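First the structure, in the form of structure tokens, and then the observations on it.
It should be emphasised that the depicted structure is a prediction, and the values quoted were computed from it without experimental measurement. Remember, it's 1-based here, ligands and their atoms both numbered in the order they're listed.
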Amino acid sequence: MKILIVEDEPKTASYLHRGLIEQGYAVDIAANGHDGRHMALEYDYDVIVLDIMLPGIDGLSILRELRTVKQTPVIMLTARDRIDDRVLGLQAGADDYLVKPFSFHELLARLQALTRRGRNSPVSQLRIGDLEIDLFARKAWRGGQRLDLTAKEFALLAALARRQGDILSKTVIAELVWDVNFDSDANVVEVAVRRLRGKLDDPFKQKLLHTIRGMGYVLELRNGGD
Ligand code: CA
């Protein structure tokens with residue numbers, strides 16, 4: 001298991017380095033954005049731990065560039081007062097984030113969850129019943145028929161599909177698809193869900209996007225339909 005840590009604070013970097021080596025991981029450290037970008041793109045890691053505030057190139061830019069070529073799982077490190085960074089990071093394709101300061105134990109748990117997830121499911125292609133989603137190409141099909149989705153509709157579908165079977169509240173959807181400062185007008189989410197449903201479900205017998213009253217929405221295949 002090989003991990004890249006992109007972190008400019010020497011103390012944090014060496015603390016993570018030591019802890020992860022003790023756990024049996026192979027660890028590379030990049031202390032600035034340029035090295036981090038180079039190593040992330042050039043070499044193959046099982047997970048990248050990526051600080052956002054970096055000298056040279058910031059973590060979000062590295063993540064966006066990385067996502068155009070590969071789906072290495074990424075855990076972002078963000079400052080407590082930079083909530084926007086978390087949302088931007090998730091939108092840019094981060095798999096998880098940790099708010100500084102965090103415990104080593106917490107990081108380890110996230111790493112283990114991500115590498116487990118990585119083994120079980122390919123990240124670029126998702127499939128739910130006859131729905132196929134290509135996260136790279138940002139395209140979706142049902143029964144082999146291409147769905148004509150706007151960028152927002154695709155982002156909404158991808159957010160639900162990445163967590164298929166989980167109920168996502170309107171607030172969580174708003175954070176994932178729009179941003180956290182968006183004036184939490186639940187109508188915007190409802191309208192977007194309705195539009196997505198019009199293309200995703202209305203033309204098909206088997207419905208995939210379900211409303212859970214008072215809780216939110218879930219994308220899943222239900223036997224027997226509903
Ligand atoms: Ca930093």
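- Listed for the Lys70 side chain is a donor-acceptor partner under 3.5 Å among the backbone atoms of Leu41.
- Using a 4.0 Å cut-off between a side-chain N of Lys or Arg and a carboxylate O of Asp or Glu, Asp201 and Lys207 do not qualify as a salt bridge.
- With respect to the salt-bridge test (charged N to carboxylate O, under 4.0 angstrom), the residues Arg142 and Glu132 do not qualify.
- For the Ca ion (ligand 1), the set of protein N/O/S atoms nearer than 3.0 Å consists of Asp8 OD1, Asp51 OD2, Met53 O, ordered by chain and number.
- Among Arg197, Lys170, Arg195, the single residue meeting the salt bridge (Lys or Arg N to Asp or Glu O under 4.0 Å) criterion with Glu190 is Lys170.
- Under the 6.0 Å distance and 45° angle rule, Arg138 does not count as a cation-pi partner of Phe154.
- Put simply, the residue from Asp44, Val27, Asp28 that forms a side-chain contact (heavy atoms from CB on, under 4.5 Å) with Leu4 is Asp28.
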